[in-house]
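Structure first, then comments.
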Number of protein chains: 2
Amino acid sequence: MEKSIARLKDISRELQLLTHSIALLGWDQETYMPPAAAEERADQLSLLEGMLHEKATNPEIGELLAHAGADGENPGGNTSLPEEDGGLVRAMFRDFGRRIKLTKDLVMRMAKQTSIGQQIWAEARKRNEFSLFAPELEKILSLTLEKAECLGYSEHVYDALLDEYEPWMKTSAAEAVFSSLKPRLVKILDKIRGARQVDDSFLLKNYPREKQEAFGRAVISDLGWDVKRGRLDQSTHPFTTTLGKDDVRLTTRYNENFFKTGIFGIIHECGHGLYELGFSDSIKGTALADGTSLGIHESQSRMWENVIGRSMAFWEHYFPVLASCFPENLSGVTPERFYRAVNKVEPSFIRVEADEVTYSLHIILRFTLETRMVTGKIPVRDLPEAWNSLFQELLGIRPSSDFDGVLQDVHWSMGGIGYFPTYSLGNLYGAQFYRALKKTLPDAEKLIAGGDFKPLLSWLRENIHRHGRIYTADELCRKVTGESLNPDYFISYLEDKFSKVYEF
Amino acid sequence: MEKSIARLKDISRELQLLTHSIALLGWDQETYMPPAAAEERADQLSLLEGMLHEKATNPEIGELLAHAGADGENPGGNTSLPEEDGGLVRAMFRDFGRRIKLTKDLVMRMAKQTSIGQQIWAEARKRNEFSLFAPELEKILSLTLEKAECLGYSEHVYDALLDEYEPWMKTSAAEAVFSSLKPRLVKILDKIRGARQVDDSFLLKNYPREKQEAFGRAVISDLGWDVKRGRLDQSTHPFTTTLGKDDVRLTTRYNENFFKTGIFGIIHECGHGLYELGFSDSIKGTALADGTSLGIHESQSRMWENVIGRSMAFWEHYFPVLASCFPENLSGVTPERFYRAVNKVEPSFIRVEADEVTYSLHIILRFTLETRMVTGKIPVRDLPEAWNSLFQELLGIRPSSDFDGVLQDVHWSMGGIGYFPTYSLGNLYGAQFYRALKKTLPDAEKLIAGGDFKPLLSWLRENIHRHGRIYTADELCRKVTGESLNPDYFISYLEDKFSKVYEF
């Protein structure tokens, strides 16, 4: 048994090495790769994904897992296994079980098509021309459905997709969450609509990129970001990727005429990065060294970005620093006014720049469209119109271009259909975790106002980060907060915060 | 037969995809990788090199080559094959023949050790502490000797190593070249020593990096560098690497107090890059899409850097531009004075910054040390002293530190023992090729002085670049110049140029 576990660990490490190498090709594609290299890069990714698939479906893995006692009943193998080993067996049993249902050929076609898809989507967005991207999306959707059929599902084809990003979550459960969330968000939004709008005009002044970047770097250094183990670069679409157990890379984008884009993008990605850098040494470099679900991952990014980064305490500490960086833009502004400005609530077109109240409405839109798209209820060509109509219905405004509408997100071009719901879950988990954190650190706001983030990061490391995939999202949530996911905490967080910001 | 060739092409393309992916890991290691990532990167490289080795030694390749008629007598296979196909068969026959003599295990150990070696060498150089690097070099040397024994040789163990970089060249041939070169270089150097030294004090003023870079980018754009198919970044040690058929990346370093480092580094690497981007479409992405030898490769970099880049015509065109970028540094300097300054001859410690006359003496030093090192005549621990003594003997000055001595080059840490002679060959081939170019373009200097490099690049593309590895170095040299490598052209180029610069 011990030998089987040791061998599984070795195999897992090797798979991680290859996964990280592939991630470098992806990172480079989005950051530094010259444009003409796109064509071959798609072939490189396809080849390497095919090689990874071969290694990851080696029958030896199945035999070792069986020897460790893993089966449908006991995915974590023999119950006498130490917790961490059981966690590894369970993670590998899941990964292997999903992998062997796919063919190498499908994996390679998907890798190539999504690499090409991303390039063409970027071009289509730049040109504001959905018809350029539509044929690629058709192909990606068809490959995605092929994948879903291979993976199988009992209730809804979307289950097979959602499960990739939020393991063990069903479409019906996501639907239930969104149904409970939507009216409560709309209620808060209505109250805000009735209140006096906050002034954020000073955020729209000119903020030179270099100075934004320097400020952002200083902030994440305070949060605990380690430049020896990571980087921050620019890309069209902010993301975080892990290229090694000690190599996590963040990217962001800047808008020189809208201050919030850069800084909150950086803090958000840093939240992801701190999770990835926080796995305990004993699981580093194995299948356990990953977020246990994207919902949990997003809880970290959204907590740092919003619960902490958009708090009054945070700007009590940072506003004076910021005001000294941009004295012309911020003269006469108080920390309170700045705080209210970065929390301005207003229906807007771009998801990643949406406020905390309307954000989940953007997700509900995507979830609705995706479930209809994969069941054939909306043909790809009708997506722009479907997007705009539903947007009007949910948020009361209608995008005037595909650039601001259906073309805004990279995800579909990457084959990430089923990914979006995890963003909303992240908001919910984040609020629930932060409440648990406050039980241990009741003076969290005081620490934040003093610029001392160490106790917060330590708490997150100890309770969440270090475990990686040892616990499922639900197990982790119960362990940390004493109960399963409960949207109430997020709603009461919003009510509490925005009733003060908007004085309703 | 046609089917075999088609299948060989497919295999070759796949091997290139993997080779390029590995090259990205190497490029990233030297440019953007955060320091703590070094440990895992070595494992990633080792894994991927092992996977490449497996693919590259697939017995199917041997069978296909045999089917194409390739054997020791006819490495290019059936003589009825079209020239390009015959070239591909010959290149693959050579690569496969070398590969199968190595074991996957050796390839993986070498990849890991050289990745670690580069990191430790960089640290050792920074600290000026050879003893830190010595144990790594011991291991690399031992792996290198293991490799040489696998590859086999008839005359000299160094043959097996040199052959990797300069195919089919023997140590004795390199020795003959250097024996003929050395006294003739010393003679020119002696004449220069007797003349009045040129003034280059204005090159030692402060040249801000950003402005150097902008100037360098403008220059290589004129030379024909295509930013859609490549990049220019910074690294500790300038290099060029190919990450795709349309993705070639240059790196350089800048010295803010020594203008020559940056610009000539950029032009040099651009010369390599133009070769890599110049392969004809029909061989792109196959084993033929590579320099036919490093000597030929270096002929391109050294020709652009020195024969063109350090010519009077070049600075007639560029000096006014440069003077307007750096008016404080260059006021009162004439194009002629500038031209003489960038051609100042003076024994100095750093090879890559050496003038054209002393450069090959640096190579003779390394060649001498390497051949003694691999035959056990110099133990690794004695290298610093051996370096310094021989340096004194050849160049009349003695390095006062290992930083400026034995630790200056990255090559040994990369496992590149046997590589250095190709640099000298590059000087010789470069001068010989340029003479051939002038037969077609007798007014080359006039074109250069007018900033019109297109006809020069076209000639190089047509006569050299597009062929890749279709011809061997010697075949190419005879095809282009009508004779085999002949050091006389380089010597007369030097005599002609420096008798004017130094008025002897």
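The sequence lines fix the lettering, A, B, ..., with proteins before strands; numbering per chain opens at 1. These numbers come from a predicted model, not from an experiment. Because only heavy atoms are used, hydrogens play no part in the values below, and waters and symmetry mates are left out as well, while side chains stay in.
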Most chain A-contacting option - heavy-atom pairs closer than 4.5 Å, from B:Arg13, B:Met51, B:Glu14, B:Arg229: B:Met51
When B:Leu47, B:Leu243, B:Val227, B:Asp233 are compared by non-hydrogen pairs under 4.5 Å with chain A, the top option: B:Leu47
Proximal component of A:Leu18, with respect to chain B [non-hydrogen, under 4.5 Å]: both
Option passing salt bridge (Lys or Arg N to Asp or Glu O under 4.0 Å) with B:Asp246 (candidates B:Arg231, B:Lys284, B:Lys228): B:Lys284
Interchain contact, B:Leu48 with chain A, by part (heavy-atom threshold 4.5 Å): side chain
Test side-chain contact (heavy atoms from CB on, under 4.5 Å) applied to A:Thr286 and A:Asp10, A:Leu88, A:Leu15, the passing residue: A:Leu88
Partner chain B: residue of A:Arg41, A:Lys55, A:Gln16, A:His20 with the largest heavy-atom pair count (under 4.5 Å): A:His20
Carboxylate-amine/guanidinium proximity below 4.0 Å for A:Arg249 and B:Asp28: yes
Distance-only polar pair, side chains of A:Thr240 and A:Glu269, donor-acceptor under 3.5 Å: yes
Parallel, tilted or perpendicular, as decided by the 30° and 60° cut-offs, for the rings of A:His237 and A:Trp121: tilted
